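In what follows, residues are counted from 1 in the order of the sequence shown. Please read these numbers as outputs of a predicted model, since none were measured by experiment.
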Amino acid sequence: MENNNFIHSFCTIEQNKICYNGEVVFESESSLFAEFSKKAYQHFGMNYPKFFKMDNLSKLSFLASELILIQVLEADSENNIALLFANKSSSLDTDVKYQDSISNDENYFPSPAVFVYTLPNICLGEIAIKNQLKSENSFFIFEAFNSAFMMQYANVLLNTKKAEKVLCGWVEYYQEEYKACLYLVTKEGTTEHNTQNIQIAYTH
């Protein structure tokens, strides 16, 4: 299928640093992700109290997506933006915490607030609810970031008019090791949507 699509913008988060289109926009010396994410949320003046109830994978996804979507969302319009995410560990970080809450016979306390996040695609739901996105969304599990798959899937969504834009990329979090690389694919732009440019975004 012909590729006439472009990378509009991209955001990466790792090692206590947030970059937007390759430029550092926030950096912190916080040793824990929970503290780092809170400072980033405050730095960008975000106003979504539900953020503090999210698991760490959802917080990571939320921060990266907000920096991109705030530039393109149109108020009072149906924003036909699909979500296409992937990672390696699924929701394992939260799964371990939930398992800990039910494995101790003497302190058996399963938490519904934790159980909610024992599926990786919940982070897509958080983004969709916040931004009223009603388009297709998918979450895949790969051993490593698969730029060819992401490119092909996003192109199909755009070229078949299933979506007007696609926010896609990698959001991995497990035991304080994390990396997000999200990028927005559109029908207009200057940076061609191909595997080489996706990899450039992923490494910046």
Side-chain angles (χ1 to χ4, degrees), residues 1 3 5-15 17-22 33 37 54-69 72 79-97 116-131 133-160 162-186 191-204:
M1 185 173 290
N3 180 12
N5 305 317
F6 301 88
I7 297 176
H8 173 276
S9 52
F10 63 95
C11 178
T12 58
I13 304 177
E14 62 179 331
Q15 298 179 343
K17 184 185 299 183
I18 301 178
C19 296
Y20 180 79
N21 289 343
F33 177 78
S37 61
M54 297 178 187
D55 72 326
N56 286 326
L57 178 63
S58 294
K59 287 180 178 178
L60 178 65
S61 306
F62 182 89
L63 288 171
S65 65
E66 282 297 289
L67 292 179
I68 294 174
L69 293 176
V72 298
N79 293 283
N80 187 12
I81 302 174
L83 304 174
L84 174 60
F85 287 18
N87 76 2
K88 176 181 179 179
S89 299
S90 185
S91 58
L92 185 58
D93 188 79
T94 300
D95 296 345
V96 170
K97 292 177 182 176
V116 165
Y117 294 98
T118 54
L119 287 174
N121 62 325
I122 296 302
C123 68
L124 301 180
E126 298 284 17
I127 295 168
I129 291 170
K130 162 63 170 61
N131 298 292
L133 303 180
K134 301 175 182 177
S135 304
E136 179 169 337
N137 64 75
S138 300
F139 198 111
F140 295 91
I141 310 300
F142 295 120
E143 184 63 28
F145 181 58
N146 189 332
S147 58
F149 176 89
M150 303 299 280
M151 180 192 73
Q152 294 167 4
Y153 201 122
N155 285 344
V156 168
L157 291 173
L158 290 168
N159 296 340
T160 58
K162 294 286 182 64
E164 295 176 359
K165 301 178 180 69
V166 183
L167 179 64
C168 47
W170 182 260
V171 284
E172 167 69 11
Y173 184 98
Y174 183 59
Q175 294 185 340
E176 292 296 325
E177 294 292 328
Y178 60 90
K179 179 180 177 69
C181 173
L182 297 184
Y183 57 96
L184 186 69
V185 187
T186 62
T191 303
E192 184 178 344
H193 181 227
N194 57 38
T195 54
Q196 180 179 0
N197 287 330
I198 293 172
Q199 284 297 139
I200 291 174
Y202 182 77
T203 55
H204 283 72

Practice problem: Specify the closest pair of heavy atoms between Ser9 and Asn21, including all atoms of both residues, with the distance to one decimal. | Solution: CA-OD1, 3.2 Å
Quiz item: Does Asp93 offer a backbone N or O that forms a donor-acceptor pair with the side chain of Gln175 under 3.5 Å?
Solution: no
Quiz prompt | Approximate separation, where rounding is to 0.5 Å, of Lys97 NZ and Leu92 CG | solution = 11.0 Å
Exercise. Take Ser135 and Asn80 through the test side chain to side chain donor-acceptor pair (under 3.5 Å) and record every step on the way to the result.
Key: CA-CA 6 Å; Ser135 304; Asn80 187 12; 2.4 Å; yes
Quiz prompt | side chain to side chain donor-acceptor pair (under 3.5 Å) between Thr94 and Asp55, intermediate numbers included | solution = CA-CA 7 Å; Thr94 300; Asp55 72 326; 3.1 Å; yes
Practice problem: Show the numbers, then the answer: is there a side-chain contact (heavy atoms from CB on, under 4.5 Å) between Ile18 and Cys11? | Solution: CA-CA 7 Å; Ile18 301 178; Cys11 178; 3.9 Å; yes
Quiz prompt | Spatial distance of atom SG (Cys19) from atom CD (Glu14) [nearest 0.5 Å] | solution = 8.0 Å
Quiz item: What do the steps show when you test Glu66 against Asn131 for side chain to side chain donor-acceptor pair (under 3.5 Å), and what is the final call?
Solution: CA-CA 9 Å; Glu66 282 297 289; Asn131 298 292; 3.2 Å; yes
Quiz item: Going from OG on Ser58 to CD on Glu126, what distance comes out if it is rounded to the nearest 0.5 angstrom?
Solution: 5.0 Å
Quiz item: Looking only at heavy atoms, what is the nearest atom pair of Ala154 and Val185, with distance?
Solution: CB-CG2, 4.5 Å
Quiz item: Got a donor-acceptor contact below 3.5 angstrom from the Thr195 side chain to the Ala148 backbone?
Solution: no
Quiz prompt | Whether Tyr178 and Tyr173 hold their rings parallel, tilted or perpendicular, with breakpoints at 30° and 60° | solution = parallel
Quiz item: How far does NZ of Lys165 sit from CG of Leu157, to the nearest 0.5 angstrom?
Solution: 14.0 Å
Exercise. State whether the number of non-hydrogen atoms from other residues, nucleotides or ligands found under 6.0 Å of Glu177 atom CD is greater than 12.
Key: no
Quiz prompt | Spatial distance of atom CD1 (Ile127) from atom CD1 (Ile122) [nearest 0.5 Å] | solution = 11.5 Å
Quiz item: Mind checking whether Ile141 and Asn87 have side chains closer than 4.5 Å, heavy atoms only?
Solution: yes
Exercise. Take Phe85 and Leu182 through the side-chain contact (heavy atoms from CB on, under 4.5 Å) test and state the conclusion after the steps.
Key: CA-CA 8 Å; Phe85 287 18; Leu182 297 184; 3.7 Å; yes
